[in-house]
Asker: 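Quick one: this structure, given as C-alpha cells, is what I'll be asking you about.
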2 protein chains.
Amino acid sequence: MPQCGVSLRRAYAYRRRIRYGAVMAPSPSSPEQPVTLRERKKLRTRRALADTAVTLFGERGFDGTPLDALLEQVEVSRRTFFRNFRSKEDVALTAVKELWGTYLEVVDATEKSGPLADVLLGAMLGTLERMDEDWYRRFPPTLRLIAGSPALDGHALRHCAETQTELVRRLGVPDRLELRLLIEFFVAAWRCALDEWLPDCPPGELPALLRRSCSSMASSLALEA
Amino acid sequence: MPQCGVSLRRAYAYRRRIRYGAVMAPSPSSPEQPVTLRERKKLRTRRALADTAVTLFGERGFDGTPLDALLEQVEVSRRTFFRNFRSKEDVALTAVKELWGTYLEVVDATEKSGPLADVLLGAMLGTLERMDEDWYRRFPPTLRLIAGSPALDGHALRHCAETQTELVRRLGVPDRLELRLLIEFFVAAWRCALDEWLPDCPPGELPALLRRSCSSMASSLALEA
DNA sequence: AGGCTAACGCCACACTGTGGCATTTTCGTC
DNA sequence: GACGAAAATGCCACAGTGTGGCGTTAGCCT
C-alpha cells in the first residue's frame, strides 16, 4: 500500500543495460519442453519468482516491497535472481512480456491480406485465445501493479515501444511512416481497451472491448470540439 | 528493529508521492520572472544543472556518467540537486518537460472549435513557435540522449502518458474513448515526426514534418498488406 | 564412479535516492 | 544597519538495486 517515491530508485541498473533487448530465458511461449532435470529446475524457480512476485507486490505494493522479501520467500539468492531477470520490474512484468512475445509469434503465423488494421486486430484476438488459464490469473494483478507504480508503467511502455519497432521491422512495407502510425494507433486502442477492462477485469470481455476500441478509431479522427 | 525507521520513512515518502506528476520548480514557460535574489539564484543553479547535464551526458553517455560528475562540475551538493530534480532522468529530460508544459498552456489558451485533430496540431505548431532559441539548442541533444538510453526513453514515455491524461481531463468531452484515442494518435504522429527529424534536426523543418505526419493519419487506417 | 560444466550462493562494491541536522544566506521589519 | 524568521544548502548516514569475482554444489555424460 505505501506507494512511495522510492520508485525512482530502480532506475540505476536499468540505465546501464546495454544489451537491453537480449532475451535472458527461453521464451515461455515457445513450446520447447525442458527435458533435462536442470532445465526443469531452472524453469521452476523462474515461474516461482514471477508468480510470487505478482502476489507479493500485489499485497504490499511494488515500491514498498524490497526485492529481498521476494528472494526470501522463494529462497533464492540475489545472484540467482539476476541471472533469471534483468530487474525487479522485469519479474513483475512477466505476464506482459509473455503477451507481446506471443503476439509477435501470432503475427508471424498470420496470413497477411486485406487491411492491415484488421490483421493487427485479428492477431491480438488470436493471441488472447492462445493464452492459458494461468496467464489470465496473473495478468489482471499485473495491470493493477502497473497502474499503481509509475516506474512499472515506464518499463511497460518502453517494452511496448520495442515490440512496436519489431512489428514495423517484420511487417516491412514501402511506406514506413503510415505503417508505424497504424501500429501506434492499434496499440493505443489496445491500451484504451485495457483501461476499460481494468477495474473488474471480467473474464472473456476483453476481446469485445478491443473490438469496440478499434471500431472507434476512424470516428475519433473526425471528433469535433 | 530497523523496520521502525523504514516504515516512518515510507510513510513520509507516501505523502510526497501525491505530487508525483507535479512540477518541482516554477514552470520555466510561465512568464513569472523571479523577483527576489533567492529565487533568481535557485533558478540559476537549476538552469546550470539542466544545461550541464545535457552536454555532459552527451559527451560521456547518460548511463556512463555518474551523477557525482554533474554535481562536481556544477559545484552543487547531492542534497541540493534532489531538491530541484526528482531523479537523474528528470534533469536530462528538462527540455522535454518544458515542451509539454508549454503545450498544455497553449491548448488552454486555444479557441476550441472545429475538428479536434486540427486543434491539437495547431496548438503544437503554436508551441513550437513559442519556444526560444535556447530551447532549440538543448532539445536535439536531449532527443539523442533519449534514443541512446532505454531508461530515459521509459521516463519520457511515462511523462508523455501523464500529459495525455491531463489533456483528456482538460478537453473533457462526452465520449472519453474517442477523445483518448485521438490524443494517443496525435502524440504518435508527433513521435513519428521527431524520428524523421532526429538524425540532423534541421532547424525550422519540424513543423512541416509534423504536418506531413498528421496528414498521413487517415490514410494509415486504410493501409493494405 | 568420476570428470565436466552449468548453476548457485556468498561477498564486496558502485550508484541512486532519502531523512536528519547543523550551517549559511536571504527576507522582512524595526 | 541590526536582528529574528524562513529558506536554501551542505554534510552525514543509510536503504535499496544491480554487478563482478570466486569458491562450491549439483546435474550431466561417458
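A, B, ... follow the sequence lines: proteins, then strands. Residue 1 opens every chain.
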Asker: Are the side chains of B/Tyr136 and B/Leu128 in contact, using a 4.5 Å heavy-atom criterion?
Answerer: yes
Asker: Can you tell me the distance, in whole Å, between the CZ atom of B/Phe81 and the P atom of C/dT18?
Answerer: 11 Å
Asker: Atom CZ of A/Arg78 and atom C1' of C/dC13: how far apart are they, to the nearest Å?
Answerer: 12 Å
Asker: Quick one: A/Glu75 CD to C/dC8 C1', roughly how many Å, whole number?
Answerer: 14 Å
Asker: State, yes or no, whether a side-chain contact exists between A/Met124 and A/Leu210 at a heavy-atom distance under 4.5 Å.
Answerer: yes
Asker: For the pair B/Phe186 and B/Tyr103, name the ring-plane relationship: parallel under 30°, tilted 30 to 60°, perpendicular over 60°.
Answerer: parallel
Asker: Using five base pairs at each end to define the local axes, how bent is the helix from C/dA1-D/dT30 to C/dC30-D/dG1, to the nearest 10°?
Answerer: 20°
Asker: Below 4.5 Å, heavy atoms only, C-beta onward: do B/Leu194 and B/Leu209 meet side chain to side chain?
Answerer: no
Asker: State whether A/Glu39 and A/Lys42 are salt-bridged, where the test is any N-O pair (Lys NZ or Arg NE/NH1/NH2 against Asp/Glu carboxylate O) under 4.0 Å.
Answerer: no
Asker: Quick one: A/Arg44 CZ to C/dC8 P, roughly how many Å, whole number?
Answerer: 12 Å
Asker: Nearest to the side chain of B/Phe82, which nucleotide is it out of C/dG17, D/dG18, D/dC28?
Answerer: C/dG17
Asker: Go through the structure and list residues passing side chain to side chain contact (heavy atoms under 4.5 Å, CB included) with A/Val76, not counting sequence neighbours.
Answerer: A/Val74, A/Thr80
Asker: Give the rounded distance in Å between these two atoms: CD of A/Glu39 and P of D/dG27.
Answerer: 14 Å
Asker: What protein N or O atoms touch nucleotides 3-9 of chain D N or O atoms at under 3.5 angstrom, if any, and at what distances?
Answerer:
{"residue": "D/dA7", "atom": "O4'", "partner": "B/Arg38", "partner atom": "NH1", "Å": "3.3"}

Asker: Give every residue pair that meets the salt bridge (charged side-chain N to carboxylate O under 4.0 Å, His left out) criterion with at least one member in residues 133-144 of chain A, sequence neighbours excluded.
Answerer: A/Asp51-A/Arg137, A/Glu98-A/Arg138, A/Asp134-A/Arg137, A/Asp134-A/Arg138
Asker: B/Phe57 CZ to C/dC15 C1': how many Å, rounded?
Answerer: 13 Å
Asker: As a quick check of understanding, evaluate side-chain contact (heavy atoms from CB on, under 4.5 Å) for A/Ser213 and A/Trp190, giving each step before the final call.
Answerer: CA-CA 7 Å; A/Ser213 190; A/Trp190 163 252; over 6 Å; no
Asker: Which residue pairs satisfy the salt bridge (charged side-chain N to carboxylate O under 4.0 Å, His left out) criterion with at least one member in residues 67-76 of chain A, sequence neighbours excluded?
Answerer: A/Asp68-A/Arg78
Asker: From NE2 of B/His155 over to C1' of C/dT16, roughly how many Å is that when rounded to an integer?
Answerer: 11 Å
Asker: In residues 64-71 of chain B, what residues come within less than 4.0 Å of DNA chain C, judged by heavy atoms?
Answerer: B/Pro66, B/Leu67
Asker: Provide, to the nearest angstrom, the distance between the CG atom belonging to B/Asp63 and the P atom belonging to D/dG18.
Answerer: 14 Å
Asker: In terms of ring plane angle, is the pair B/Phe185 and A/Phe185 parallel, tilted or perpendicular, where the classes change at 30° and 60°?
Answerer: parallel
Asker: Does B/Arg60 reach the side chain of B/Leu56, with side-chain heavy atoms less than 4.5 Å apart?
Answerer: yes
